[in-house]
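A quick write-up on the structure given underneath.
Worth saying up front: this structure is predicted, and the values here are computed from it rather than measured. Heavy-atom basis, side chains included; hydrogens, waters and symmetry copies ignored.
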Amino acid sequence: MTQGSPGKVLLLFALPVFLGNVFQQLYNIADSVIVGRFVSADALAAVSASGPAMSIINMFMIGLSSGSTVVIAQRAGAGDKEGLQKAIGTIGCLTLLCSCFITVAGLFASRPLLNLLGTPDVIMEDAYRYLVVVYLGTAGNMVYQMGSGALRGMGDSSWPFL
């Protein structure tokens, strides 16, 4: 990212990031459409009621990934291979610890959080089950987010998009 026209380099780097975010939103829309059309209105309401809890998790993971991207970019830009390896190792350990914490805390906090959000009793069990699946998938989601952040930090935004 240090060679060529800055505008062109930034645009070519940002485009896959932008498209990845668009596809993420399309995934969420498709999830709602499929549940709403093929399961039931209550199931759609349960997915929607789980939205704020999922947003909190995703915002945390994206923030952590962004911070990791900065650390990786600093090491890669300085040509510090040893520092880069240490940063990637530290980020890997942090990913493992955070995903375990989020999964366990999320499993215990799901029902109280749904109660706090005022989730109606008629959809409470479906919303709870949906959040359990989401929390059980936290490790995979975090590995993707952190791996994407590491690749972006080294100047590659295409692979995370693909």
Side-chain angles (χ1 to χ4, degrees), residues 10-73 87-162:
L10 287 174
L11 182 63
L12 290 175
F13 183 81
L15 189 60
V17 174
F18 170 74
L19 291 174
N21 288 335
V22 168
F23 280 120
Q24 178 64 42
Q25 291 307 311
L26 290 175
Y27 173 82
N28 293 338
I29 291 168
D31 195 22
S32 296
V33 169
I34 291 167
V35 169
R37 292 194 75 169
F38 298 109
V39 182
S40 70
D42 284 349
L44 178 58
V47 169
S48 296
S50 305
M54 289 176 42
S55 293
I56 291 168
I57 298 166
N58 286 332
M59 285 185 271
F60 174 77
M61 287 189 276
I62 290 168
L64 194 59
S65 172
S66 296
S68 299
T69 299
V70 171
V71 173
I72 298 279
I88 290 173
T90 301
I91 291 165
C93 289
L94 184 62
T95 299
L96 177 63
L97 291 172
C98 286
S99 63
C100 288
F101 175 77
I102 290 170
T103 299
V104 172
L107 292 173
F108 284 107
S110 291
R111 207 175 290 277
L113 182 58
L114 288 169
N115 283 324
L116 182 67
L117 292 170
T119 305
D121 290 339
V122 71
I123 62 169
M124 178 62 83
E125 282 308 307
D126 286 341
Y128 173 73
R129 279 189 237 122
Y130 185 76
L131 277 180
V132 166
V133 170
V134 167
Y135 284 117
L136 290 175
T138 297
N141 194 350
M142 278 201 77
V143 166
Y144 166 75
Q145 291 292 343
M146 300 304 275
S148 295
L151 288 170
R152 286 186 194 112
M154 291 186 278
D156 183 357
S157 62
S158 296
W159 268 109
F161 169 68
L162 294 174

Sorted by chain and residue number, the side-chain contact (heavy atoms from CB on, under 4.5 Å) partners of L96 (sequence neighbours excluded) come out as C100
Salt bridge (charged side-chain N to carboxylate O under 4.0 Å, His left out) pairs touching residues 92-103, sequence neighbours excluded, are none
Distance (rounded to the nearest 0.5 Å) between I91 CD1 and C98 SG: 11.5 Å
By side-chain contact (heavy atoms from CB on, under 4.5 Å), I56 pairs with (sequence neighbours left out) none
Among residues at least two apart in sequence or on other chains, which ones pass side-chain contact (heavy atoms from CB on, under 4.5 Å) with S99? T138, A139, M142
Can you run down the side chain to side chain donor-acceptor pair (under 3.5 Å) pairs that involve residues 62-71, sequence neighbours left out, and say none if there aren't any? none
All pairs passing salt bridge (charged side-chain N to carboxylate O under 4.0 Å, His left out) where residues 87-116 contributes a residue, at least two apart: R111-E125
Taking only residues at least two apart or on different chains, which pairs with a member in residues 97-107 satisfy salt bridge (charged side-chain N to carboxylate O under 4.0 Å, His left out)? none
Y130: what forms a side chain to side chain donor-acceptor pair (under 3.5 Å) with it, not counting sequence neighbours? D31
Measure the spacing between CD1 of I57 and OH of Y135 and express it to the nearest 0.5 Å. 3.5 Å
With sequence neighbours left out, the residues meeting side-chain contact (heavy atoms from CB on, under 4.5 Å) with A46 are I123, D126, A127
N115 meets the side chain to side chain donor-acceptor pair (under 3.5 Å) criterion, sequence neighbours left out, with none
Quick one: CD1 on I88 to OG1 on T95, what's the gap to the nearest 0.5 Å? 11.0 Å
Quick one: CG on L131 to CE on M54, what's the gap to the nearest 0.5 Å? 8.0 Å
So which pairs with a foot in residues 49-63 pass side chain to side chain donor-acceptor pair (under 3.5 Å), sequence neighbours left out? N58-N141
Derivation of the side-chain contact (heavy atoms from CB on, under 4.5 Å) call for L64 and Q145: CA-CA 9 Å; L64 194 59; Q145 291 292 343; over 6 Å; no
Got a sec, which residues hit ring-ring contact (aromatic ring centres under 6.0 Å, His included) with F108, two or more places apart in sequence or on another chain? none
Closest non-hydrogen atom pair between L151 and W159, with its separation: CD1-CB, 4.0 Å
